*Asks:* 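Structure in structure tokens, see below.
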Amino acid sequence: MPAVTADTLTLPRLPELPETTTAWRKVQRVVPARRFLEGEGFQVRRPFPGVDLALADPFLLLDHMGAVEYGPGEAKGAPWHPHRGFETVTYLIDGVFEHQDSAGGGGVITNGGTQWMTAGAGVLHSELPSQELVAKGGLFHGVQLWVNLPKADKWAPPRYQDIAPGDTKLLSSDDGGALVRVIAGDVAGYRGPGMTYTPITYLHATLSPHARLTLPWPEDFNAMVYVLSGRGTTGAEHRPLEEGQLAVFDRGQALTMQADTTWDVLILGGLPLNEPVARYGPFVMNTRAEILQAIEDFQAGRLGVTQVPHVTSADEELS
Ligand code: MN
């Protein structure tokens, strides 16, 4: 259950779009998420990469974490590791994740909050469940999205944006049956808090059973809908879409979706960068030479040093 909820009747309403004259986008394909183990061994569902990268550009990866009910001692994360050349965007629906990075950024992400980390020229970070979540167990559900940086910004200094649960812009569908949380970019002129290097829109919507959500969408943006839970239909042709599936859309002016059950979806799109992509693990650059350089720089400690609180026996003797 997403932590940020609201009475949609009190929220700004998205405009009603003309039914017959709007060019509703059709679904080009539906892609099922595949399961992978990440970090210390937590399971993610990953709908892309898997589709052609060009269809997702400027997005590089989507990892759906959970929803999972951890028992005591079971929660896992991703200890210190490097990134260069893109941004990791972590949105926590349930549970608590703690981030720390070598550029001094860090914080606690919880219950509808987002951490937007621009790795840029390079950073080391750790992403771990809170000690309390590890000790006691509990519900964990979140998403990590990777957003590519344009060639010109790949060497930007690392940046950390802490987007609190209350910072997301909340909207209602025109029928009042769907809640839309704008995390970044804008929809119908309503702007979310995330600062981005490249034009994107990133939304989380909760539709009540049978509610319909329509969104004007920039014609030069690509568009994808990923289902976190529940099922419904989307696209001009009412294509069924259920948990763990990603719909990739053709061009058009607007998106339409209708819920069968309570339906939680991520809706995302952006202006494609159309630049060459060279990727290797945690590094995403434009050329193979830049990847080799990233590996060398990481091995030489030039992406930063970790800030693990570290107590040695010598420290203990001193205190
Ligand atoms: Mn990471």
Side-chain angles (χ1 to χ4, degrees), residues 2-4 39 56-65 77-78 80-130 140-171 180-187 189-205 221 226 266-271 273 282-284 303-304 306-307:
V4 176
D57 184 11
F59 303 107
L60 296 162
L61 172 144
L62 183 69
D63 272 354
H64 180 195
M65 309 180 283
W80 291 98
H81 59 276
H83 290 296
R84 173 182 276 178
F86 63 102
E87 304 183 280
T88 68
V89 180
T90 309
Y91 173 51
L92 248 278
I93 297 165
D94 290 291
V96 185
F97 230 16
E98 294 178 347
H99 279 228
Q100 204 181 353
D101 71 54
S102 56
V108 175
I109 326 168
T110 184
N111 296 337
T114 300
Q115 184 230 44
W116 200 294
M117 190 195 73
T118 306
V123 74
L124 304 184
H125 75 164
S126 79
E127 321 168 67
L128 298 171
S130 66
F140 184 80
H141 191 199
V143 178
Q144 185 167 96
L145 177 67
W146 289 13
V147 185
N148 205 359
L149 285 169
K151 184 176 167 59
D153 296 314
K154 283 197 181 284
W155 298 94
R159 181 171 77 182
Y160 185 91
Q161 298 175 64
D162 194 358
I163 302 171
D167 293 344
T168 51
K169 179 72 188 169
L170 301 180
L171 305 169
V180 178
R181 306 162 189 82
V182 186
I183 299 168
D186 79 283
V187 59
Y190 297 102
R191 178 154 282 280
M195 289 185 290
T196 71
Y197 278 89
T198 184
I200 64 167
T201 296
Y202 185 32
L203 316 172
H204 170 201
F221 274 27
Y226 176 74
L266 298 175
I267 305 160
L268 63 165
L271 194 62
L273 296 173
F283 309 123
V284 183
L303 295 193
T306 59
Q307 300 176 340

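Bear in mind that the values here come from a model prediction, so they are computed numbers and not experimental data.
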*Asks:* Distance from Asp162 atom CG to Tyr160 atom OH, nearest 0.5 Å?
*Replies:* 4.5 Å

*Asks:* Quick one: pull up CD in Gln161 and OG1 in Thr114 and give me the separation to the nearest 0.5 Å.
*Replies:* 10.0 Å

*Asks:* Can you measure from CD (Glu98) to OG1 (Thr110) and round to the nearest 0.5 angstrom?
*Replies:* 10.0 Å

*Asks:* Between His204 and Thr168, is any pair of side-chain heavy atoms under 4.5 Å apart?
*Replies:* no

*Asks:* Tell me whether Asp57 contacts the main-chain N or O of Leu273 through its side chain, where contact means a donor paired with an acceptor under 3.5 Å.
*Replies:* yes

*Asks:* Please check this pair: side chain of Thr201 against backbone of Asp186, looking for a donor-acceptor N/O pair closer than 3.5 Å.
*Replies:* yes

*Asks:* Does Pro129 reach the side chain of Phe97, with side-chain heavy atoms less than 4.5 Å apart?
*Replies:* yes

*Asks:* Please report the interatomic distance CZ(Phe86) to CG(Leu149), rounded to the nearest 0.5 Å.
*Replies:* 9.0 Å

*Asks:* Looking only at heavy atoms, what is the nearest atom pair of Gly106 and Asp101, with distance?
*Replies:* N-OD2, 4.2 Å

*Asks:* Does Leu128 reach the side chain of Gln100, with side-chain heavy atoms less than 4.5 Å apart?
*Replies:* no

*Asks:* Are Leu92 and Phe140 close enough that some pair of their side-chain heavy atoms sits under 4.5 Å apart?
*Replies:* yes

*Asks:* Asn148 pairs by side chain to side chain contact (heavy atoms under 4.5 Å, CB included) with which of Leu61, Thr198, Val284, Asp153?
*Replies:* Val284

*Asks:* Of all heavy-atom pairs between Ile267 and Ala205, which one has the smallest distance, and what is that distance?
*Replies:* CD1-CB, 4.0 Å

*Asks:* Are Leu145 and Leu266 close enough that some pair of their side-chain heavy atoms sits under 4.5 Å apart?
*Replies:* no

*Asks:* Can you tell if the side chain of Ile200 reaches within under 4.5 Å of the side chain of Leu268, non-hydrogen atoms only?
*Replies:* no

*Asks:* Side chains of Trp116 and Arg159: closer than 4.5 Å at any heavy-atom pair?
*Replies:* no

*Asks:* Looking only at heavy atoms, which two atoms of Ser102 and Trp80 are closest? And how far apart?
*Replies:* N-CZ3, 4.0 Å

*Asks:* Looking at Pro165 and Gly113, what are the two nearest heavy atoms and their distance?
*Replies:* CG-N, 3.8 Å

*Asks:* With under 30° as parallel and over 60° as perpendicular, where do the rings of His64 and His141 fit, or are they tilted in between?
*Replies:* tilted

*Asks:* Using modelled atom types only, decide if a donor and an acceptor are shared between the side chain of Arg181 and the backbone of Leu170 within a distance under 3.5 Å.
*Replies:* no

*Asks:* Identify the two heavy atoms, one from Lys169 and one from Arg191, that lie closest to each other, and give their separation to 0.1 Å.
*Replies:* CB-O, 3.5 Å

*Asks:* Just so I know, are the side chains of Val187 and Leu203 near enough to count as touching, which here means a heavy-atom distance under 4.5 Å?
*Replies:* yes

*Asks:* Could you give the distance from OH (Tyr91) to CE (Met65), rounded to the nearest 0.5 Å?
*Replies:* 11.5 Å

*Asks:* Taking it one step at a time, do Gln115 and Glu127 satisfy side-chain hydrogen bond (donor to acceptor under 3.5 Å, both in side chains)?
*Replies:* CA-CA 11 Å; Gln115 184 230 44; Glu127 321 168 67; over 6 Å; no

*Asks:* Minimum heavy-atom separation for Pro282 and Pro82, please, with both atom names.
*Replies:* CB-O, 2.8 Å

*Asks:* How many angstroms lie between atom CD of Glu87 and atom CE of Met195, to the nearest 0.5 angstrom?
*Replies:* 10.0 Å

